[in-house]
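Letters A, B, ... mirror the listed sequences (proteins, then strands); counts begin at 1.
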Amino acid sequence: MSSPLYNRIYTLVRKVPPGRVTTYGRIARQAGCTARTVGFAMAALPAGHDVPWQRVINSQGQVSPRRNGDGGLIQRLLLEAEGVRFDSRGRVNLLRYGWELENGGLGGDGR
DNA sequence: AGGTTGACAAAGG
DNA sequence: GCCTTTGCCAACC
């Protein structure tokens, strides 16, 4: 958090409720930067944070396999534990679990 | 100061 | 539906 930008990103991610996921692009737009920056901020997360980084996925609804082999698997398990259902391809239905930041909690879709 | 890489997004084939 | 190219911003060499 050496930069207010990162702090902004972390704050936005913290606002994501359990059982819900969001995309890098949405956070990036709210944080005032691009998706790449958000991804980098997640990678730079220090140990002992309160940021549910696992709830942040890409616009494709898939978890991004970071260089650290087990990370993606951990993320998937954490989301499943929160009630997020993955399809056979390891993808999440953003229309159902996608959290709309601007609305402060959406999900009204529900199938 | 310049070039490459990276947990991405959007557009095109 | 998938894969490829372009653009993006910040960090690392």
Side-chain angles (χ1 to χ4, degrees):
Chain A
M1 339 161 124
S2 313
S3 198
L5 178 59
Y6 274 50
N7 193 6
R8 218 150 30 227
I9 296 172
Y10 299 145
T11 302
L12 289 168
V13 177
R14 272 194 210 100
K15 288 176 182 169
V16 180
R20 208 60 65 114
V21 296
T22 188
T23 64
Y24 293 94
R26 288 214 177 137
I27 294 175
R29 200 155 174 87
Q30 293 297 319
C33 61
T34 58
R36 279 221 185 258
T37 310
V38 177
F40 222 88
M42 295 291 114
L45 270 172
H49 54 49
D50 337 9
V51 182
W53 58 272
Q54 59 260 28
R55 290 175 196 150
V56 184
I57 59 181
N58 58 22
S59 63
Q60 302 175 53
Q62 278 192 306
V63 298
S64 297
R66 78 189 138 97
R67 275 82 78 19
N68 210 357
D70 54 331
L73 183 63
I74 298 296
Q75 180 171 8
R76 170 155 177 179
L77 292 175
L78 286 168
L79 290 175
E80 283 188 320
E82 292 184 354
V84 179
R85 297 279 228 127
F86 283 75
D87 62 4
S88 302
R89 290 178 234 159
R91 278 172 42 175
V92 182
N93 190 342
L94 290 173
L95 297 177
R96 175 159 42 189
Y97 298 106
W99 179 59
E100 195 120 14
L101 280 125
E102 306 192 4
N103 283 323
L106 139 91
D109 161 85
R111 134 181 20 109

Heavy atom of residues 83-91 of chain A under 4.0 Å from DNA chain B: which residues?
-> none
Looking only at heavy atoms, which two atoms of [X] and [Y] are closest? And how far apart?
| X | Y | value |
| --- | --- | --- |
| A:Ser64 | A:Asn58 | OG-ND2, 3.4 Å |
| A:Tyr97 | A:Gly83 | OH-O, 3.6 Å |
| A:Ala28 | A:Ala35 | CB-N, 3.5 Å |
| A:Gln60 | A:Leu94 | C-CD1, 4.4 Å |

Is there a donor and acceptor pair, one atom on the side chain of A:Tyr24 and one on the base of B:dA9, closer than 3.5 Å?
-> no
Phosphate OP1/OP2 of C:dA10 contacted by A:Thr37 side-chain N/O (<4.0 Å) = no
Measure from the side-chain heavy atoms of A:Thr34 and tell me the nearest of B:dA7, C:dC8, B:dA9.
-> C:dC8
Are A:Leu5 and A:Arg8 side-chain neighbours, meaning at least one heavy-atom pair lies under 4.5 Å?
->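 A:Leu5 reaches A:Arg8 side chain to side chain.
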From the options A:Val38, A:Thr34, A:Ile9, select the one residue that forms a side-chain contact (heavy atoms from CB on, under 4.5 Å) with A:Tyr24.
->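 Only one of A:Val38, A:Thr34, A:Ile9 forms a side-chain contact (heavy atoms from CB on, under 4.5 Å) with A:Tyr24, namely A:Val38.
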Take the protein atom [atom1] of [X] and the nucleotide atom [atom2] of [N], then report the distance between them rounded to whole Å.
| X | N | atom1 | atom2 | result |
| --- | --- | --- | --- | --- |
| A:Met42 | C:dA11 | CE | C1' | 15 Å |
| A:Tyr6 | C:dA10 | OH | P | 8 Å |
| A:Leu5 | C:dA10 | CG | P | 6 Å |
| A:Gln62 | B:dA9 | CD | C1' | 14 Å |
| A:Tyr10 | B:dA7 | OH | C1' | 12 Å |
| A:Leu45 | C:dA11 | CG | C1' | 15 Å |
| A:Arg66 | C:dA11 | CZ | P | 19 Å |
| A:Ile27 | B:dA7 | CD1 | C1' | 12 Å |

Taking for each residue the nucleotide of DNA chain B bearing the nearest heavy atom, is the 5' side occupied by A:Gly25 or by A:Phe40?
->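 The 5'-side residue here is A:Phe40.
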Less than 3.5 Å apart, which donor and acceptor atoms pair up between the side chains of residues 46-54 of chain A and the rest of the protein, not counting sequence neighbours?
unit_1: A:His49; atom_1: ND1; unit_2: A:Val51; atom_2: N; d: 3.4

